[in-house]
Number of protein chains: 2
Amino acid sequence: MQQVKRLQELAFFVSIPHMAQKQPDPYATLGEFIKRQRELSQLSLRQLADICGISNPYLSQIERGLRTPSSMILQSLAKGLRISAETLYTQAGILDPQEAEESDVIKAVMHDPDLSARQREMMIDMYRSFRQVNETSSTT
Amino acid sequence: MQQVKRLQELAFFVSIPHMAQKQPDPYATLGEFIKRQRELSQLSLRQLADICGISNPYLSQIERGLRTPSSMILQSLAKGLRISAETLYTQAGILDPQEAEESDVIKAVMHDPDLSARQREMMIDMYRSFRQVNETSSTT
DNA sequence: TACAATCGCTAACTTTTGCAAGCACATAGG
DNA sequence: CCTATGTGCTTGCAAAAGTTAGCGATTGTA
């Protein structure tokens, strides 16, 4: 139930510009980021909208943070802006940035679709324990 | 304009189960994949729905491919299933597969310089056990 | 048998997404 | 001056997303 609240907070953060002060990034909201990218590409709002196959009023609303675009629209925007979809998702606060910095083992475990959630958790715990043990024993 | 059509095709592909024959993956659709993950985690539909903060009928519809979840719902599902959001997006056909590079857990473990040989062995054993358990339990 | 709890699903509803039509403003060109 | 074409924005509206209430079926338990 409290997850709902977290979702709402995320939504709020994504769509409302002045909530962006949390991040040091000057283009913190998804909309601002997209607008910035569009302007860097010298594209007008309509041009980008046409390229992406979405309507121009809608793109306008996205840029101003009035609408939260769906996954597919976001994907389409990523293609239009020649940007990795992951970058866009990260900007939108949808993808975890720190995940990229995790160790390869953890990443691999997280990505393995053949393990259950519990099993993944166990393997990651195990891995972290090993790392910790090695840490302390080497500083002896 | 033809981008619109591509979007629709993607939507169709994502949501309609029997369109999934294109992929060799037996859990090709997002819904099937989520269901599989949920069952691996021994969670009932309602339990996962509660964890993710969404309604159970909606999760049911997602699993059956009747609804396309938004980015935020997908993210929430990823968290609930302890799986990388990227993996989920890739399954949904929203992220390119090569971007998410499903690196092998064993390979990652083998290459990790911070683990001892013994620790590597243990992790790989553990991983193999899990896989085997899942194998037998899914052939029910 | 009956009562309670859990499973997944259906139906009806509210909310949000995304679009078509059209507004106001600016820069030109005839 | 008047049309033309560009910019971004506002306004309803259809179609999806997502929720609440409740169904029938199953399981355990008294």
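Letters A, B, ... mirror the listed sequences (proteins, then strands); counts begin at 1. Hydrogens, waters and symmetry mates play no part in the numbers below; they use all other heavy atoms, side chains included. If you're wondering where the values come from, they're calculated on a predicted model, not measured in any experiment.
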Side-chain N or O of B:Thr68 closer than 4.0 Å to phosphate OP1/OP2 of D:dA17: yes
So A:Leu48 and A:Leu77, side-chain contact (heavy atoms from CB on, under 4.5 Å) or not? Walk me through it. CA-CA 8 Å; A:Leu48 179 57; A:Leu77 280 167; 4.3 Å; yes
Go through the structure and list residues passing side-chain hydrogen bond (donor to acceptor under 3.5 Å, both in side chains) with B:Ser41, not counting sequence neighbours. none
Can you check the A:Asp50 CG to C:dC19 C1' distance for me, whole Å? 13 Å
Please write out the pairs of protein N or O atoms and N or O atoms of nucleotides 20-25 of chain C separated by less than 3.5 Å, giving the distance to one decimal.
none

Has A:Ser44 got a side-chain N or O lying under 4.0 Å from the OP1 or OP2 atom of D:dT7? yes
A:Ile73 CD1 to C:dT16 P: how many Å, rounded? 18 Å
State whether B:Arg38 places a side-chain N or O below 4.0 Å from either non-bridging phosphate oxygen (OP1 or OP2) of C:dG8. yes
Let me know the distance between CD1 of B:Ile62 and P of D:dA17, rounded to the nearest Å. 9 Å
Holding to salt bridge (Lys or Arg N to Asp or Glu O under 4.0 Å), I want the full list of residues that pass it with A:Glu39, two or more places apart in sequence or in another chain. none
What stems show up for DNA chain C when you take Watson-Crick pairs (N1-N3 plus N6-O4 or O6-N4) and G-U wobbles (N1-O2, O6-N3), both under 3.5 Å, and require three or more consecutive pairs? C:1-30 with D:1-30
Using side chain to side chain contact (heavy atoms under 4.5 Å, CB included) as the criterion, list what pairs up with B:Ser55, not counting sequence neighbours. B:Pro57, B:Tyr58
Between B:Arg64 and B:Ser60 (side chain of the first, backbone of the second, donor and acceptor by atom type, cut-off under 3.5 Å), is there such a pair? yes
Mind checking what makes side-chain hydrogen bond (donor to acceptor under 3.5 Å, both in side chains) contact with B:Glu63, not counting sequence neighbours? B:Arg38
Kindly say if A:Ser60 contacts the phosphate of D:dC9, meaning a side-chain N or O under 4.0 Å from OP1 or OP2. yes
Among the nucleotides C:dG8, C:dT17, D:dT10, whichever has the atom closest to the side chain of A:Arg64 is D:dT10
In whole Å, I'd like the distance from the CG atom of A:Leu43 to the C1' atom of D:dG6. 15 Å
Which residues share a side-chain hydrogen bond (donor to acceptor under 3.5 Å, both in side chains) with B:Gln42, sequence neighbours left out: none
Taking side chain to side chain contact (heavy atoms under 4.5 Å, CB included) as the definition, give me every residue that meets it alongside A:Met126, ordered by chain and number, with sequence neighbours left out. A:Phe130, B:Met122, B:Met123, B:Met126
Could you check how far CG of A:Leu59 sits from C1' of D:dG8, rounded to whole Å? 10 Å
Rounded interatomic separation in angstrom, taking CZ from B:Arg67 and P from C:dT16: 16 Å
Identify which nucleotide among D:dT11, D:dT7, C:dT17 has an atom closest to any side-chain atom of A:Gln61, counting heavy atoms from C-beta outward. D:dT11
Figure out the CD/P separation between A:Gln47 and D:dT5, and round it to whole Å. 16 Å
Got a sec, which residues hit side-chain hydrogen bond (donor to acceptor under 3.5 Å, both in side chains) with A:Ser70, two or more places apart in sequence or on another chain? none
What is the distance, rounded to the nearest whole Å, between atom CG of B:Leu45 and atom P of C:dT10? 12 Å
